[in-house]
Amino acid sequence: MLPRLMRFADLLVGTREEGTAVLRRALQRMLAEEHRYQRGVALDVWAFGEIYRHWLGELRDHVNPMGQANIEDESFARLFGEEGEEIDMMTANFIGNLPPQQRLTLLLVYGERLDHADAGRVLDVPPETIAVRLVRITAAFADRLDPYGDESEADMVDAFYPEEPRFS
Amino acid sequence: MTELSDELLVAYVDGQLERKQSRAVEKVLEQDDVIARRVHALKDAHSRLEAAFEAVLAGEETIVEPPPEPSGPGIFITWRNAAKIGLAGAGLVAALLLAIAGYGWPLVLPNFAGSRSDTAEVEWTGSLPATWQDDVVHAQTLLSRETLSVSPERQANQDLIGFQLAQAIGPALKLPDLKSEGFRFMRGQLLRAGDEPVAQVLYLGASGAPLALYAKKGEGAADRVFKSYGAIGSVSWSEDGIVYLLAGELNGPRLTQLADKAQADAPKPSALNAVGSVSAPPPLPPPRPPPKR
């Protein structure tokens with residue numbers, strides 16, 4: 001389970017070093033507040049949620065929360081493979097430019113294979129929001145991959161946007 | 001040109017549409033090149049995103065593999081490994097505290113552990129119950145005298161309950177009468193181990209925690225096996241295609257004595273029904289399926 005928590009924290013923060021530090025602090029908090037665990041909740045879902053909430057708490061406490069979002073493409077891409085391994089840089093860069101909440105949505109659904117309800121539980125959003133995020137992200141990436149696509153769609157996802165279902 | 005939303009097309013790419021809806025989309029794709037190109041791009045995006053996260057997992061598994069340490073005098077631990085050991089220790093202690101506090105390792109957890117292919121999870125799954133007998137003894141730790149005294153489901157008729165449980169477990173199920181040993185029948189219910197039903201029959205003595213008899217279809221050793229899990233002891237045996245486990249906060253000799261009694265003179269519920277002493281009651285509801293993950 002520890003590698004999965006590390007992966008979650010790394011993807012959340014964007015770098016392995018800072019991810020490990022956040023995970024360590026979150027584990028200490030989980031250890032101190034284990035009474036918050038509710039019986040019946042899968043331990044992995046609870047642990048992911050605790051790390052996410054811990055990170056969110058640190059972000060809120062930070063003097064300049066918007067300044068925390070800068071991630072170097074090179075170091076982020078390293079999360080997708082070790083040195084010498086072939087990395088899909090385009091995909092890695094695309095994911096790296098997503099807001100953390102959206103990166104985690106991808107990780108939880110595509111990487112951890114959680115259903116939308118559990119992914120929503122981790123990220124404190126309704127399952128519908130998870131579904132909408134996936135559609136938006138996939139559509140935006142498809143725009144980027146399709147040379148005839150509309151580039152403006154791809155740019156939209158980099159910024160904050162309302163997550164209500166979109167009907168075209 | 002037909003207008004199809006990205007929501008619909010992504011659901012199509014994900015295979016989340018009904019067959020009829022998928023066919024309808026496919027018809028549109030045959031006739032509309034623009035939509036077909038969009039679906040192609042969405043499929044490409046979807047597969048690349050999925051592949052990227054599979055690669056992340058592979059990368060993490062690589063990290064967990066300990067690199068060969070340099071040979072030499074003394075103990076050499078890299079900062080990276082020290083951090084990992086610290087984190088792993090903290091995680092394990094956290095899980096242990098949860099378990100001790102009574103929050104952790106509920107009946108749903110074995111599913112969680114078994115549902116992953118992550119090889120690095122071995123150390124965690126190792127701490128979970130390995131067999132259904134282990135599993136139900138963990139559940140036993142959740143019971144107390146209060147569990148029974150506040151229960152609205154007190155069931156007075158052991159024969160009826162026995163018959164109902166036998167319908168789920170098998171006609172050879174035996175439900176012993178342990179009154180002569182000082183234990184009154186309190187209630188019976190169906191639990192589950194994975195997808196299979198497990199009967200639980202609870203008895204209460206003059207003092208102390210409940211005594212529980214568990215029964216599940218299956219073959220096991222006919223000879224009795226005693227195990228102790230902290231304060232709780234258990235004796236298991238197999239008879240007529242049913243594996244039994246008697247568990248309670250009792251010592252080995254006392255449990256073995258009760259198991260003797262249980263094995264010796266318990267009537268089979270099906271036999272009760274055959275002579276018409278009880279009419280067939282409605283079956284108990286089936287055990288709940290495992291929670292969807």
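Reminder, nothing fancy here: chain letters follow the sequence lines and each chain counts from 1.
- Nearest heavy atom pair, residue B/A45 against residue A/A142, reads CB-N, 3.7 Å.
- Here the shortest heavy-atom pairing between B/D6 and A/A139 reads OD2-CB, 3.3 Å.
- A 4.5 Å side-chain heavy-atom check between A/L11 and B/F53 finds at least one atom pair inside the cut-off.
- Of the atoms belonging to A/L106, heavy atoms from both backbone and side chain fall under 4.5 Å from chain B.
- Minimum heavy-atom separation, B/A41 to A/L145: O-CD1, 4.3 Å.
- Here B/L49 is the residue among B/D44, B/L49, B/L8, B/V10 with the most heavy-atom pairs under 4.5 Å with chain A.
- Heavy-atom minimum distance, A/T91 versus B/R48: OG1-NE, 3.4 Å.
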